[in-house]
Amino acid sequence: ANALNTSQGSFSLTGLTVDAKRPEATVSATGHTYDSSTGTLVLSGEKFNTLDVSDGASVKSIVDWTKLTWNAVGGNTVPTEQLALSDINTALVDTAANTITVVLNSGTDIGSTVLHALTNFGNTGVGKVDTLTVAEGFLKDIFGNASSAQVDTTATIEMVWGVNLC
């Protein structure tokens, strides 16, 4: 019943979008910040305009958060936290600046609460900078196509220590 009709003749396709181009967006190895007082992570990269979203639009449900892992590098062991969609409150793309501003949820067992609980989270010093592991497949366009340019990347994070007034 759902087989493709191979008989000769013409047929009409309406409402069909064919996307033949994969995005070329990448997350850079440097240029990222995290504000612990607001739970805001700013990811920097290139060609975010190829994700086929408008400037200022949400990419929360488009990118694959399971391909983003936080590494707390402050001690002898490196505790990690793989992010998930449930960790994310908002994720807005700035196509002109090539950034994605991510605000993490806070609450029991999610988002910034889990990150801040990692042993050695945010420790800084010589060789002691937290990193993100950005796996291939993290960046996708609105059609679900993974970026053709993103490769597995370890990215450093500059910690911004604000004052939490809550």
Side-chain angles (χ1 to χ4, degrees), residues 1-6 10-72 80-116 118 121 130-160 162:
N2 291 327
L4 179 64
N5 182 349
T6 59
S10 64
F11 58 94
S12 174
L13 294 176
T14 58
L16 178 67
T17 301
V18 176
D19 178 29
K21 185 174 181 183
R22 291 175 62 186
E24 299 171 349
T26 60
V27 174
S28 301
T30 60
H32 315 289
T33 61
Y34 181 73
D35 185 332
S36 63
S37 66
T38 62
T40 302
L41 172 66
V42 179
L43 299 172
S44 297
E46 295 180 2
K47 298 186 178 182
F48 286 169
N49 61 321
T50 66
L51 298 175
D52 291 325
V53 295
S54 302
D55 187 45
S58 176
V59 292
K60 175 181 174 178
S61 62
I62 297 172
V63 300
D64 184 350
W65 297 105
T66 65
K67 306 279 186 181
L68 190 65
T69 303
W70 190 287
N71 309 298
T80 63
E81 181 63 30
Q82 181 182 42
L83 296 181
L85 180 61
S86 61
D87 293 316
I88 311 304
N89 183 10
T90 61
L92 304 177
V93 67
D94 182 333
T95 57
N98 282 306
T99 60
I100 298 174
T101 300
V102 181
V103 177
L104 298 174
N105 283 320
S106 62
T108 305
D109 297 329
I110 60 170
S112 61
T113 306
V114 172
L115 287 183
H116 296 186
L118 288 175
F121 169 82
D130 283 5
T131 62
L132 291 171
T133 300
V134 184
E136 184 176 343
F138 170 65
L139 294 172
K140 295 182 176 187
D141 66 13
I142 60 172
F143 301 106
N145 300 313
S147 173
S148 62
Q150 182 67 57
V151 295
D152 291 351
T153 302
T154 299
T156 58
I157 307 164
E158 178 187 342
M159 302 299 283
V160 177

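Computed over heavy atoms, backbone and side chain alike; hydrogens, waters and symmetry mates excluded. Here, residue 1 is the first one in the sequence, and each next residue gets the next number. Computed from a predicted model, the values in this text were never measured in an experiment.
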Check your understanding: Mind checking what makes ring-ring contact (aromatic ring centres under 6.0 Å, His included) contact with Phe48, not counting sequence neighbours?
Key -> none
Check your understanding: Partners of Thr131 by side-chain hydrogen bond (donor to acceptor under 3.5 Å, both in side chains), sequence neighbours excluded?
Key -> Asn71
Point to revise | Shortest non-hydrogen separation from Pro23 to Ala146 and the atoms involved | key: CD-O, 3.8 Å
Practice item. Would you please test Leu43 and Leu132 for side-chain contact (heavy atoms from CB on, under 4.5 Å) and show each step? Key: CA-CA 10 Å; Leu43 299 172; Leu132 291 171; 3.5 Å; yes
Point to revise | Heavy-atom side-chain contact between Val102 and Leu68 under 4.5 Å | key: no
Exercise for review: Output the distance between atom CD (Glu158) and atom CG (Asp130), rounded to the nearest 0.5 Å.
Suggested key: 12.5 Å
Review point. With sequence neighbours excluded, what pairs up with Thr153 under the side-chain hydrogen bond (donor to acceptor under 3.5 Å, both in side chains) test?
Key: Gln150
Point to revise | Main-chain N/O of Gly39 paired with Ser112 side-chain donor or acceptor, under 3.5 Å | key: no
Review point. In chain order, what residues pass the side-chain hydrogen bond (donor to acceptor under 3.5 Å, both in side chains) check against Thr50, with sequence neighbours excluded?
Key: none
Exercise for review: Enumerate the residue pairs fulfilling salt bridge (Lys or Arg N to Asp or Glu O under 4.0 Å) with a member in residues 23-32, sequence neighbours excluded, ordered by first and then second residue.
Suggested key: Glu24-Lys47
Exercise for review: Using side chain to side chain contact (heavy atoms under 4.5 Å, CB included) as the criterion, list what pairs up with Gln82, not counting sequence neighbours.
Suggested key: Thr66, Thr69
Exercise for review: Please name all residues satisfying side chain to side chain contact (heavy atoms under 4.5 Å, CB included) with Ile142, sequence neighbours left out, ordered by chain then number.
Suggested key: Asp52, Val53, Ile62
Exercise for review: Could you tell me which non-hydrogen atom of Asp64 sits nearest to which non-hydrogen atom of Lys140, and how far apart they are?
Suggested key: CB-CE, 4.1 Å
Revision key, fill the gap. The side-chain hydrogen bond (donor to acceptor under 3.5 Å, both in side chains) partners of Ser28 (sequence neighbours excluded) come to none
**Study point:** Thr40 side chain near Thr101 side chain, heavy-atom distance below 4.5 Å
**Key:** yes
Check your understanding: By side chain to side chain contact (heavy atoms under 4.5 Å, CB included), which residues pair with Thr113, not counting sequence neighbours?
Key -> Ser106
Check your understanding: If you measure from CD1 on Ile88 to CG on Leu83, what distance do you get to the nearest 0.5 Å?
Key -> 5.5 Å
Practice item. For the pair Lys60 and Leu85, evaluate side-chain contact (heavy atoms from CB on, under 4.5 Å) and give the outcome as yes or no after the intermediate values. Key: CA-CA 7 Å; Lys60 175 181 174 178; Leu85 180 61; 3.7 Å; yes
Review point. Is the backbone N or O of Ala149 less than 3.5 Å from a side-chain atom of Thr26, with the two atoms forming a donor-acceptor pair by type?
Key: no
Exercise for review: Could I get the full list of ring-ring contact (aromatic ring centres under 6.0 Å, His included) partners for Trp65, not counting sequence neighbours?
Suggested key: Phe138
Review point. Quick one: side chain to side chain donor-acceptor pair (under 3.5 Å) pairs with a partner in residues 86-99, sequence neighbours left out?
Key: Asp55-Thr95
Exercise for review: Determine, step by step, whether Leu41 and Trp70 satisfy the side-chain contact (heavy atoms from CB on, under 4.5 Å) criterion, reporting the C-alpha distance in whole Å, the side-chain angles of both residues, the deciding distance to 0.1 Å, and the verdict.
Suggested key: CA-CA 11 Å; Leu41 172 66; Trp70 190 287; 4.3 Å; yes
**Study point:** All salt bridge (Lys or Arg N to Asp or Glu O under 4.0 Å) counterparts of Glu81, not counting sequence neighbours
**Key:** none
